[in-house]
Peer 1: 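Sharing a structure here in structure tokens format.
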Amino acid sequence: MRNTTPLLEATDLRLRLHTHAGTVDAVRGVNLSLRRGETLGLVGESGCGKSLTAMTLMGLHPEGATVSGSLRFHGEEMIGQSEARWCALRGDRIGMVFQEPMSALNPVHTVGHQVAEPLRLHRGLTAAAARKEAVALLDRVGIADAARRFDAWPHQFSGGQRQRITIAMALACSPDLLIADEPTTALDVTIAGQILQLIRDLVRERDMGLILISHDLGVIAQNVSHMMVMYGGMVVESGPTREVFSRRAHPYTQGLFGSRPQLGPQAHTGSGARARLAAIPGNVPELRNMPAGCPFADRCVVSLPACQGEMPPLIQLGQDHCARCVLLESAG
Amino acid sequence: MSLFLLKRLFTLIATLLAASVVVFWVLEVLPGNAAQMLMGPDASPEAVLALARQLGLDHPPLQRYGLWISGLLTGELGNSYVYSTPVLELVLERLTLTVPLAVMAMVLTTVLALAVGVYAASHHNRAGDVGLMAATQVGVAIPNFWFAILLILLFSVHLRWFAAGGFPGWEDEGVLGGLKALLLPAISLAVVQAAILARITRSAVLEVMREDYVRTARAKGLSRRATLWRHVLRNALIPVVTVMGLQFANLLAGTIVVENVFYLPGLGRLIFQSISNRDLIVVRNCVMLLAAMVVIVNFVVDLLYAVIDPRVKASDI
Amino acid sequence: MRRALRHPSFVIGGVLTLLLLGAAALSLVWTPWSPYEMNLPGKLQPPSASHWLGTDPFGRDVASLLLVGARNSILVGVIAVGIGLGIGGALGLLAAARRGWVEELIMRLADFTFAFPAILSAIMMTAVFGAGIVNSIIAIGIFNIPTFARVTRASANAIGSRDFILAARACGKGPWRITIEHVLPNIASVLIVQATIQFAIAILAEAALSYLGLGTQPPQPSWGRMLSEAQTLLFQSPMLAVYPGVAIALAVLGLNLLGDGLRDLLDPRLTRKR
């Protein structure tokens, strides 16, 4: 029987940064709930707060920043926990994979040493035992000749291979949750496909929860069952991937989908000329200058005067699907 | 790996040769007739010629250079113009003081600088960091011989814990007595160098802390302290060790001045006295020795570099 | 300018450097006493109303000695840095402009000088050519050359690959005109910062040489030599060993801080208006 306690639950998660220029609310009230075996995608432009949200979920937010709200891992409240408790969870129960495989590995330690490190740290394995398991992990993620390559240096591997190695590292202790922050953005398209397939397979094999962050809608479409669209530190629309893709309730979601380059016949207008690449007008606002109301208001083509002044309410659109837009109140 | 080593060895020997040419030219050829200088301007030409012949100065420069180089390799360095004792003997005797002094100073520098630099970096922009960096700014500005004098003022004149100078040798008061005499000189050498090295250590550590692999380490569950020791330091050491090699040269140069402050009969003081005495053969050999020490230390540092950073061997073919 | 005034290194460094320059300038027109006037009966006096810092072993007024010593240090610094900047800078530009074996040769020579620490070489040269302020300036100047050559070449190379240089070359401007009109103004800030730092090093080197008796000769006052004279009298007049050292340290500290401040302020990535 599947355990129904959510693996990870965030309620009104907020992150406040204290910079020279003033305080910045980088994450403004994120709610999420994830169970084992569930996959969640976070999509949005650069600067929308998705990476900071992921870091906050690991307790790796910048020093001096204030976290508020509630964050429960297996029911245990993590906000306010000691650093020691966080260290016990990181790498053991929660694994994370980052964007830049070329710089994610320490150049002065062998690859095997780094994969074995979480095993020795959290499981207390001896060097020999850790080596055995690490070799098996490297083999599972597709590093050929793993036993010999254990002693190789990071600079001897390609970007794609290094990302496989970081995945092996993140999954060494069989964590319950994997957070992948743009894992394929820095990789070639074909390699990216393989890496995502690897992540999908491993998550399914081990019945893990997955939070996948990307700015690429294609990646989101193919890899996660649920998704959240983020803008200005807030979640503007969330729901099952299929529903969000078809419904696109929030104006920002529509804008995101509309700005994808199109190939094929639908790319041409009636007169046969190529349609222009649509873009959402304006720029992502600086987090310092967030308006009191909807963060997207000044770029929104259908915004009302009321949108700037007041935070729009969260409208339920389906069983799991909701979006934060005033215009949806009447539409339902 | 051996190709890397060979390349380095070749550069080492080439540098030493080039250094010897420069030293010889500056100290033998340029000054002109050494015999003339030794005897003074009033000496008769015959006396000068006789001295020149006695010292072997009447041969052409190239031949003298060749003689000198072969002498360096065999240990036949000739005799001091002033003392008429073998230069080699003089030098070896003085080295028994200068080498321990330099080593002591280097150890003190390293320990102090690494401790201060790492502490400042891990307390970045907080009171500890700012205070220590201000202290190092002052430390860099202090002349090492003045610091030596201040140390004498405090510890010898005021507190009377140490002698104001001199060296009892390694036998008279034993090893500890010798080390005690070298302590204040080593500290005065170390403080300034440590200030420089601490600043460099701090920036190296700060830069490494910004790297992605540090974030990876934290994501694996390593505490801040464990990340510092196991991931940051080894990488930060790379630029720091390079600077330490360069600093050794400054340290040796510093011994020249500091040995004079404390009246220590070391290599530095020998050079200085020989210059005053116009005993150029001693000066020439000592300078060559110092230059060789510097070049060899940097050679070792280069090798160490390859040991610490696995990327070096691969790219250097 | 306002940003400059808020930068602590720049302000403190600037004040100290101005003090140094001011002391030197003042010494040209007035000192409390003549620094050459000896007064043996009045030697080794403690600070008083007439002699603000007391007198030295020869009865000379310490305060006056310090002022004229400032002038001495600045003279050495300016000329030595001038030599280094002039010759080293030219060599660096040459290396960057010509590239190929010229660059290789110049850079190898510059690297080679690390085998001879500056003090050692300065001592060697004064040994061969005689002690005195002129020879020390030359020796220190020569040892500035490799540093400036290296820095100039590195900056010129960085600038040289930038687009506006390529544009100038596309317009048919000759390499020397490009160097003077385009490269120099852009690397000027780096060179200014380096010059400030080398100035500080020159002052330290001159002090060390004078301490050893190889630098500025008597009766010309020099902070370094004042320290060596004071050392024999540590038991009687300890303060005499403190004043000149403080002067040296403050001068060097001021220049270092100024250099640091200038480096932060002149960094082209940070300036908004130009």
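Labels below follow one simple rule: chain letters A, B, ... track the order of the sequence lines, proteins then strands, and each chain is numbered from 1.
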Peer 1: Counting a contact as any heavy-atom pair under 4.5 Å apart, which residues of residues 250-257 of chain B contact chain C?
Peer 2: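 Listed by number, the contacting residues are Ala253(B), Ile256(B), Val257(B).
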Peer 1: What is the distance from atom CE of Met133(B) to atom CG of Asp260(C), rounded to the nearest 0.5 Å?
Peer 2: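 CG of Asp260(C) is found 11.5 Å from CE of Met133(B).
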Peer 1: How far does CG of Leu234(C) sit from CG of Leu154(B), to the nearest 0.5 angstrom?
Peer 2: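 Result: 11.5 Å between the selected atoms.
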Peer 1: Within this structure, what is the CZ-OG1 distance for the pair Arg108(C) and Thr15(B), rounded to the nearest 0.5 Å?
Peer 2: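 One finds 8.0 Å between CZ of Arg108(C) and OG1 of Thr15(B).
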Peer 1: Leu204(C) versus Phe145(B): any side-chain heavy-atom pair under 4.5 Å?
Peer 2: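 Leu204(C) vs Phe145(B): side chains apart.
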Peer 1: Which heavy atom of Ile149(B) sits nearest a heavy atom of Tyr211(C), and at what distance?
Peer 2: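 Closest pair (atom of Ile149(B), atom of Tyr211(C), distance): CD1-CE1, 4.1 Å.
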Peer 1: Non-hydrogen atoms of chain C under 4.5 Å away: do they reach the side chain of Val22(B), the backbone, both or neither?
Peer 2: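 For Val22(B), the side chain is the part near chain C, not the backbone.
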Peer 1: Could you tell me which of Ile201(C), Val246(C), Ile248(C), Asn256(C) has the largest number of non-hydrogen atom pairs under 4.5 Å with chain B?
Peer 2: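 The answer is Val246(C).
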Peer 1: Contact part of Leu214(C) toward chain B, heavy-atom cut-off under 4.5 Å: side chain, backbone, both or neither?
Peer 2: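 The side chain, not the backbone.
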Peer 1: Has the side chain of Gln137(B) got a donor or acceptor atom that lies under 3.5 Å from a matching backbone atom of Leu253(C)?
Peer 2: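 Side chain of Gln137(B) to backbone of Leu253(C): no pair is present.
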Peer 1: Is Asn298(B) in contact with chain C via its backbone, its side chain, both, or neither, using a 4.5 Å heavy-atom distance?
Peer 2: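 When you check distances to chain C, only side chain atoms of Asn298(B) fall under 4.5 Å.
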Peer 1: First locate atom CH2 of Trp146(B), then atom CD of Gln231(C), and finally report the distance between them rounded to the nearest 0.5 Å.
Peer 2: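 That separation rounds to 14.0 Å.
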Peer 1: Examine whether an atom of Ala208(C) lies under 4.5 Å from a heavy atom of chain B, and if so say whether it belongs to the side chain, the backbone or both; otherwise answer neither.
Peer 2: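 Contact with chain B is through both the backbone and side chain of Ala208(C).
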